[in-house]
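Accompanying notes for the structure given below.
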Amino acid sequence: MFESTPPVTMKTTCPYCGVGCGVKAELTGGRRMSVKGDETHPANQGRLCSKGTALGNTFGLEGRLLEPKMRTANGFEPTSWDEALDAVAHKFNAIISEHGPDAVAFYVSGQLLTEDYYAVNKLAKGYIGTANVDTNSRLCMSSAVAAHKQAFGADLVPGTYEDLELADLLVFSGHNAAWTHPVLYRRIEAREGQMRVCIDPKRTDTAKAADLHLMIRPQTDVRLWNGLCAHLIARNAVDHDFIDQHTEGYSRLMAALCEDDQSLDAIAHDCGISPADLKAFYDAFLHTEKTVSLFSMGSNQSSQGVHKGLALINAHLLSGKVGKPGAAPFSITGQPNAMGGREVGGLANMLAAHMDFDDASKAIVQRYWQSPTIAPKPGLKAVDMFEAVRTGKVKAIWIMATNPMVSMPDGNRIHEALSNCELVVVSDVIARTDTMDMAHIQLPAAAWGEKDGTVTNSERVISRQRRMTTLPGQVRPDWAIIAEVARRMNSAWDKAFSWKGPHEVFAEHAGLTAFENTGQRFLNLGGLTGLNRDAYDTLTPTRWPVTAAGSTHRLFADGRFATPNGRARLIAPKPTGPANKPTPEFPFSLNSARVRDHWHTMTRTALAPELNRHINEPLLDIHPTDAKRLGIRDSRLSIVTTAFGEAILKARVTDDVREGNLSVPMHWTRQFAPFGRANQMVNPAVDPMSGQPEFKHTPARVSAYNEAWHGFIMTPRDFDGELPDFGDAVWRRSSHAFADCFELAGIAPMDISGIEITQSLDDVTTGLTRRVRIEDGRLTRVLFIAPIHKRLPPRDWLLERFGDLVLDAKDRAALLIGRLPGVQDKGRIICACRSVGEKTITAAIADGALTVEAIGEATTAGTACGSCKGELKQCLLKHAKETAHAA
Ligand SMILES: Nc1nc2c(c(=O)[nH]1)N[C@H]1C(S)=C(S)[C@@H](COP(=O)(O)OP(=O)(O)OC[C@H]3O[C@@H](n4cnc5c(=O)[nH]c(N)nc54)[C@H](O)[C@@H]3O)O[C@H]1N2
Ligand SMILES: Nc1nc2c(c(=O)[nH]1)N[C@H]1C(S)=C(S)[C@@H](COP(=O)(O)OP(=O)(O)OC[C@H]3O[C@@H](n4cnc5c(=O)[nH]c(N)nc54)[C@H](O)[C@@H]3O)O[C@H]1N2
Ligand code: SF4
Ligand SMILES: [Mo]
């Protein structure tokens, strides 16, 4: 009688970060899903972070694009797949025949699966004949890729996660692992007796937990690492045997280093840190055999990103700290399949399977594909690609699985580019994103849990993402959409794009890595070439290189690199500083970074209530001295301006940033905080070699916004009517279990006459406006507005009342006060999994819970994924400081 689908349990892989955790997902009926960490997966061994834990809550169909749509005079109208695919194919063909293959472009993503990536790369480079395929990995990893290719001869990450645990010294260079790679961080934390050094101009959670934090002046990393190399040489701490046998360029590097003053004092001065701290780092590196240096966005997202990577790699090569247990330079990847994309050739300057555009490689790839053409030369890199769209050189662009309207630098210019473009095709899983809004044709892609494929994580492990459920609406997997378009573009291409499933695409990709591979190409998936559907479906996590003989664990263990002569190259980097230097008009350096519980442009994480409560709006971090001088107050709005645009954000006055530095989160969009978008301000300066944008530094100025009032409006989560018109008010939106909350502030009063209410408690003398609407016993609207100096009630209790089917009399009476007398508000949520707030935690500490474990026992905070443990420690420290102060 009670028919239900049997629970489906499957092992799959988390679609968020590059740690690549194994997930055991169980479908418990319909699209209800519960997830657990997979104990058998080598990356996470059962652990998950807050984002992974919340996967079940973003698996619903809310906000999904479920049918193809075309833009019409009346907005977006549904259309059939046939019509949509024909339209893409015909328009692409027409543009190519009139303007040549380079007039079209594909902008793809490290969140595509390897099979999707392979299909689009083959279509563009082998059939259309253009290398205009670039990816958001350009914004992420391309500097590391270029550094690897220059130093090692190919884009190879030598180490594995195990090395992070084996290391006695771990360096985080521009990497906030505690928030961005939480499960790896948990693994590292479990290792005792390891020294950790964090190099970051910001005091992040990773920095707070480190033994040594080098809070450097932004963009001085090359100076710091070059200095280390000079000290290794001067103190005779280099590995002469390794240098002689396995590297080249030593004397040139030595000569170049001598051009700068390499005294501790000079380096420390340039980097803005104390000579004692600098010496402590250098000493530790000199004396610790087992050292791993992780580098991430603070290193890559720079106009000297390649040189930052090279300088760090040089220190490891000089001391022979590579290819050994617990010793490696380690570029950590961000996206779930950043690595897979690099492997198939998703970057415009790589052809395929780690091969470049030299004649021999082009011949190999064309032979393997038996393709009619092959792209003759590298294509346009992301920033140049959008610039070519803006100037009309590229007339059609197909964007897949990325949201460049939010994530590309100089957002206004991206808006201009897409507004002028003849054809913008966007494949996404979500119906309304800032980029989807710019499309002519919207293609509904299958989401995580609906499609089959593979991803490669930061330690070269290939894992399966598995399909759990039927495809909702008309969505299709990306690779299948690409293959359909290819076949419609030219019937002669049918055979090349006739894969019957992702397993055939994967087998073809694996085949290419092994094809005519005499051992010179380290990327070799030869052991996986013959996979049939069954073998593909049961594939367990596998590290490449993998041949019939098995997998290779650590690369370069034999000292052989992927250069023609097998030697690693020591290349001398120059400490030049950022592309755009601060000026009297724009004296600050604006940094942008990630928050713990949001993923990029928030299209998925914004749907999970528990992920919206750690940090629910974009905050500007500014140093107290700067704030005081400029009259900027904590929790009040400030306006940040650069030569490219501006944003209005609430200030957080904190000495976690240096004087003269500002920091904003990258995540917020038009949908969630139209005034608080980072990339409206970020300059499009790029590294000249990698083309990676300098997201971490833009010259800026800042002033107080001087808002006169603040307030909030709440609407039910399932509300789909017209939203109130906020006029000129600055607004930010966050989603909670039962309601959305719009935080508001402004200078001129907002017109609220159109907001229907059933009860109000306005106070003319204090200027307080309090209104609610109750329909059929249910709360359907809340509005509070107050002059800026008046406090507003906490939001939690009110938000929860939207979940009451019938409000009880006591609660109803308290609505206009905004809280139930005597009920303690939880405060900002620190533990997302267990929904434990700061105030609850502080109370527990005051009651004697003086360790992270004791807080866990008292409140359950930190007992699930553990991502908040760093913050729990901060609460304990704060308490300790306060008690010391009181005593
Ligand atoms: N929660 C969460 N996790 C994520 C993601 C997410 O969106 N949310 N995204 C994933 C992706 S794609 C990526 S690429 C990774 C990124 O992971 P991270 O690289 O850890 O992320 P960011 O916070 O962007 O930047 C790291 C740090 O670089 C610092 N930095 C800025 N300028 C400099 C500098 O000049 N020198 C140095 N040494 N440091 C500097 C910043 O202050 C910041 O703390 O995270 C992945 N994981
Ligand atoms: N200011 C600033 N800007 C930055 C950064 C920074 O540190 N500072 N970091 C940069 C970095 S490192 C990165 S990686 C980028 C990330 O930036 P984006 O790639 O733009 O960010 P996402 O929000 O992850 O976008 C992924 C999109 O793909 C959709 N999607 C999810 N799954 C699928 C699927 O299976 N198929 C399809 N077709 N679509 C899917 C999602 O709904 C979403 O719209 O941002 C960059 N921008
Ligand atoms: S660390 Fe978190 S976001 Fe990254 S793969 Fe693991 S569970 Fe997913
Ligand atoms: Mo990234």
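Both counts, for ligands and for their atoms, begin at 1 and track the order of listing. In this text, all values refer to a predicted model and were calculated from it rather than measured experimentally. Heavy atoms only: backbone and side chains are in, while hydrogens, waters and symmetry mates are out.
Counting heavy atoms under 4.0 Å from ligand 2, residue Asn679 touches it through the side chain alone. Here Ala446 has backbone heavy atoms under 4.0 Å from ligand 2, and that is the only part of it that gets that close. With a 4.0 Å cut-off on non-hydrogen atoms, Ser407 touches ligand 2 through its backbone as well as its side chain. Contacts of Gln335 with ligand 2, taken as heavy-atom pairs under 4.0 Å, involve the side chain alone. Neither the backbone nor the side chain of Thr435 comes within contact range of ligand 2; no heavy atom lies under 4.0 Å. At a heavy-atom distance under 4.0 Å, atoms from both the backbone and the side chain of Thr180 approach ligand 1.
Residue Thr433 places no N or O, backbone or side chain, under 3.5 Å from any N or O of ligand 2. Residue Trp599 has no nitrogen or oxygen atom sitting less than 3.5 Å from a nitrogen or oxygen atom of ligand 1, judged on distance alone. The shortest N or O to N or O distance between His181 and ligand 1 is not below 3.5 Å. Residue-to-ligand polar distances keep Thr220 apart from ligand 1: every N/O pair is separated by 3.5 Å or more. On a distance-only criterion, Asn591 and ligand 1 share at least one N/O pair closer than 3.5 Å. Of the N or O atoms in Phe695, none lie within a sub-3.5 Å distance of an N or O in ligand 2. The shortest N/O to N/O separation between Met297 and ligand 1 falls below 3.5 Å. At under 3.5 Å, not a single nitrogen or oxygen of Trp448, backbone or side chain, sits near a nitrogen or oxygen of ligand 2. At under 3.5 Å, a nitrogen or oxygen of Val595, whether backbone or side chain, sits near a nitrogen or oxygen of ligand 1. Residue contacts with ligand 2: Ser109 is placed with no nitrogen or oxygen under 3.5 Å of a nitrogen or oxygen of the ligand (distance criterion only). Note: no N/O pair closer than 3.5 Å links His175 and ligand 1 by distance alone.
Remark: ligand 1 atoms within the under-4.0 Å shell around heavy atoms of Lys202 are 42 (O). Of all the atoms in ligand 1, the ones that sit under 4.0 Å from a non-hydrogen atom of Lys308 are 34 (C), 35 (O), 36 (N). The distance from ligand 1 to the heavy atoms of Cys140 drops below 4.0 Å at these ligand atoms: 14 (S). Proximity to Thr204 (heavy-atom distance under 4.0 Å) selects the following atoms of ligand 1: 44 (O).
Checked for salt-bridge contact, Arg31 and Glu62 miss the test: no charged N lies under 4.0 Å from a carboxylate O. Between Lys202 and Asp656 no salt bridge is recorded (no basic side-chain N to carboxylate O distance below 4.0 Å).
With sequence neighbours excluded, the residues that form a side-chain contact (heavy atoms from CB on, under 4.5 Å) with His415 are Met405, Ser419, Met438, Arg670.
Taking the six-membered ring for Trp, His316 and Phe285 have ring centres closer than 6.0 Å.
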